[in-house]
Amino acid sequence: MTSSPGVYIHIPFCRHICSYCDFCKVLYNSSWAKAYLQKLKEEIKENYMGEEVKTIYIGGGTPSVLSLEEIEYLLNLTNLFLKNNLQEFTFECNIEDITEELLILLKKYGVNRLSIGIESFDLDNQKLLQRVSVYDDAKSKIALARSLGFNNINLDLIYAIPHEKMRTLKNDLKDFLSLKVEHISTYSLMIEDNTYLSYKKVHHIPEELDEEMYFYIEHILEKYGYEHYEVSNFALPGYASMHNLGYWNNSEYYGFGCGASGYISGVRYDNTRSLSNYLKGDIRLNKEILSKDDIMEYELILGLRKLEGINIKEFYNKYGINIQDKFKIKPLLKTKELLYEDGQLKINPDYIYVMNEILVKLV
Ligand code: SF4
């Protein structure tokens with residue numbers, strides 16, 4: 001049994017399909033949603049081993065596209081978990097779905113963090129992404145959430161959108177900052193295979209502009225008091241996402257639902273991305289029983305995503321081996337791509353943008 005894992009629940013339904021999306025999702029359909037929630041219940045009952053859970057994250061897809069009745073059913077499923085020590089409970093919503101009734105329901109079941117997919121307020125960006133977020137709507141819905149006691153809100157921002165200029169990003173950041181939320185997740189738009197954008201042969205913006213945008217975002221968000229704590233994530237002090245930190249700290253977590261992944265009792269697994277297979281009960285796509293070497297490698301790769309890096313002593317206490325003896329760290333310390341400071345091994349913040357290249361050199 002794992003001590004206090006996190007729980008991720010995937011809801012693969014959306015009201016429309018965005019042009020860039022390669023997540024596991026289908027258009028919402030109430031009969032599928034009802035069947036899906038039934039299956040989810042079975043999956044949880046079959047696999048949950050009764051631990052106290054530390055965090056719950058309901059993501060998607062778009063969980064808020066479900067009807068209120070379906071959302072209540074879903075929230076009720078979280079009562080299957082032991083939640084006495086629950087520290088964070090996140091629910092992802094699209095801004096247009098937020099209503100007073102929804103927020104009251106979420107509050108009633110202990111949701112204490114909202115994650116809202118805004119992405120961009122710019123009309124040209126929205127046209128390309130094929131999704132809409134209206135600033136005034138966001139402002140009033142966030143105020144409504146505040147009035148009902150939600151004091152931990154994340155907004156997702158997408159940048160490096162084809163044809164996007166620096167001035168567009170600057171305007172988006174100005175708007176995001178004016179909403180005064182506790183957490184901002186930023187994503188450089190990737191053109192993934194099998195998305196509308198890739199069929200249309202849309203290309204990523206030039207690499208130098210992407211880099212310039214990355215460092216501008218960091219500069220401006222830090223100026224406004226946000227801590228850059230993970231390669232793509234910024235939070236006001238005390239508001240880093242506990243659930244996501246669980247991933248980067250290589251802690252264990254259940255993943256339930258179509259397309260979800262999990263890491264429990266030393267086994268990493270992925271569920272099927274096919275809704276029809278999931279509904280048939282053909283849930284697990286694969287599983288990987290990890291060796292100690294694998295676990296150490298995950299610890300390194302995931303831990304270095306955090307700006308604070310990895311605590312060398314904790315690594316030694318966990319695995320009985322010095323991290324320097326296990327991975328090719330010394331050459332990267334010499335080139336200053338990695339730093340060793342106050343007992344922490346970390347990627348030099350100047351190089352965090354090319355983190356993936358550094359990780360390849362390491363493992
Ligand atoms: S980006 Fe989000 S809302 Fe858009 S289709 Fe994908 S999961 Fe659905």
Side-chain angles (χ1 to χ4, degrees), residues 8-30 32-33 36-37 40 57-67 70-71 74 90-99 102 106 111 113-135 137-138 141-142 153-162 164 172 176 181 183-200 202 204-205 232-233 241 243-244 247 255-261 270-276 278-279 285:
Y8 174 77
I9 299 177
H10 191 79
I11 302 300
F13 300 106
C14 293
R15 187 164 291 113
H16 70 277
I17 303 299
C18 308
S19 62
Y20 58 96
C21 180
D22 79 330
F23 300 136
C24 175
K25 82 289 166 188
V26 292
L27 284 175
Y28 171 76
N29 161 314
S30 68
W32 282 355
Y36 183 79
L37 292 171
L40 201 51
Y57 192 109
I58 300 182
T62 314
S64 59
V65 81
L66 298 174
S67 69
E70 289 157 355
I71 291 175
L74 169 64
T90 303
F91 191 90
E92 278 185 1
C93 334
N94 272 355
I95 203 77
E96 67 267 25
D97 297 327
I98 296 179
T99 60
L102 171 66
L106 296 177
V111 172
R113 184 171 184 271
L114 299 177
S115 181
I116 305 174
I118 298 278
E119 319 310 352
S120 172
F121 289 117
D122 179 79
L123 294 182
D124 288 334
N125 281 351
Q126 292 188 6
K127 205 166 151 196
L128 207 120
L129 299 176
Q130 293 178 358
R131 63 178 299 153
V132 178
S133 296
V134 179
Y135 178 80
D137 194 23
K141 298 290 178 59
I142 289 171
I153 298 178
N154 169 63
L155 301 182
D156 288 340
L157 166 87
I158 294 184
Y159 68 97
I161 297 166
E164 183 173 22
D172 258 345
F176 273 61
V181 291
H183 192 285
I184 299 179
S185 295
T186 67
Y187 303 96
S188 163
L189 184 72
M190 292 293 142
I191 312 293
E192 306 284 358
D193 290 346
N194 300 320
T195 59
Y196 179 79
L197 289 184
S198 79
Y199 293 133
K200 286 281 165 194
V202 171
H204 191 69
I205 63 166
S232 308
N233 285 281
S241 161
H243 182 81
N244 290 340
Y247 298 145
F256 295 113
C258 191
S261 301
D270 297 309
N271 281 356
T272 177
R273 284 172 65 102
S274 152
L275 182 62
S276 62
Y278 187 84
L279 293 179
L285 183 64

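Just follow the structure's listing: the first ligand is 1, and inside any ligand the first atom is 1. Each residue takes its place number in the sequence, starting with 1.
- The ligand atoms of ligand 1 that sit less than 4.0 angstrom from a heavy atom of His16 are 5 (S).
- Contact atoms of ligand 1 toward Phe23: 6 (Fe), 7 (S) (distance under 4.0 Å to a heavy atom of the residue).
- Within the 4.0 Å heavy-atom criterion, the part of Cys14 lying near ligand 1 is the side chain and not the backbone.
- Against a heavy-atom cut-off of under 4.0 Å, Ile17 is close to the following atoms of ligand 1: 5 (S).
- In terms of protein heavy-atom proximity, atom 5 (S) of ligand 1 is nearest to Cys18 N, 3.3 Å.
- The ring of Tyr278 has its center closer than 6.0 angstrom to the ring center of Tyr36.
- For the pair Gly61 and ligand 1, a heavy-atom separation below 4.0 Å is found.
- Remark: minimum distance from atom 3 (S) of ligand 1 to any protein heavy atom is reached at Thr62 OG1, 3.5 Å.
- What sits closest to atom 6 (Fe) of ligand 1 on the protein, heavy atoms only, is Cys21 SG, 2.2 Å.
- Residue Arg131 holds the heavy atom nearest to atom 2 (Fe) of ligand 1 of all those in Arg131, Lys25, Glu119.
- Judged purely by distance below 3.5 Å, without hydrogens or angles, the side chains of Thr62 and Ser64 never pair a donor atom with an acceptor atom.
- The closest side-chain donor-acceptor pair between Ser261 and Asp270 falls under 3.5 angstrom.
- Glu70 and Ser67 form a side-chain donor-acceptor contact under 3.5 Å, judged by distance and modelled atom types alone.
- Around the OH atom of Tyr135, the shell of radius 6.0 Å holds more than 12 heavy atoms that belong to other residues, nucleotides or ligands.
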Notebook entry, point to check: After noting the C-alpha distance and the side-chain angles of Phe176 and Phe121, does the key distance pass the ring pair (Phe, Tyr, Trp, His ring centres under 6.0 Å) rule?
Noted result: CA-CA 9 Å; Phe176 273 61; Phe121 289 117; 5.6 Å; yes
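- The protein heavy-atom contact nearest to atom 1 (S) of ligand 1 is Tyr20 OH, 3.4 Å.
- Between Glu92 and Tyr57, the side chains place a donor N or O and an acceptor N or O closer than 3.5 Å (distance only, hydrogens not considered).
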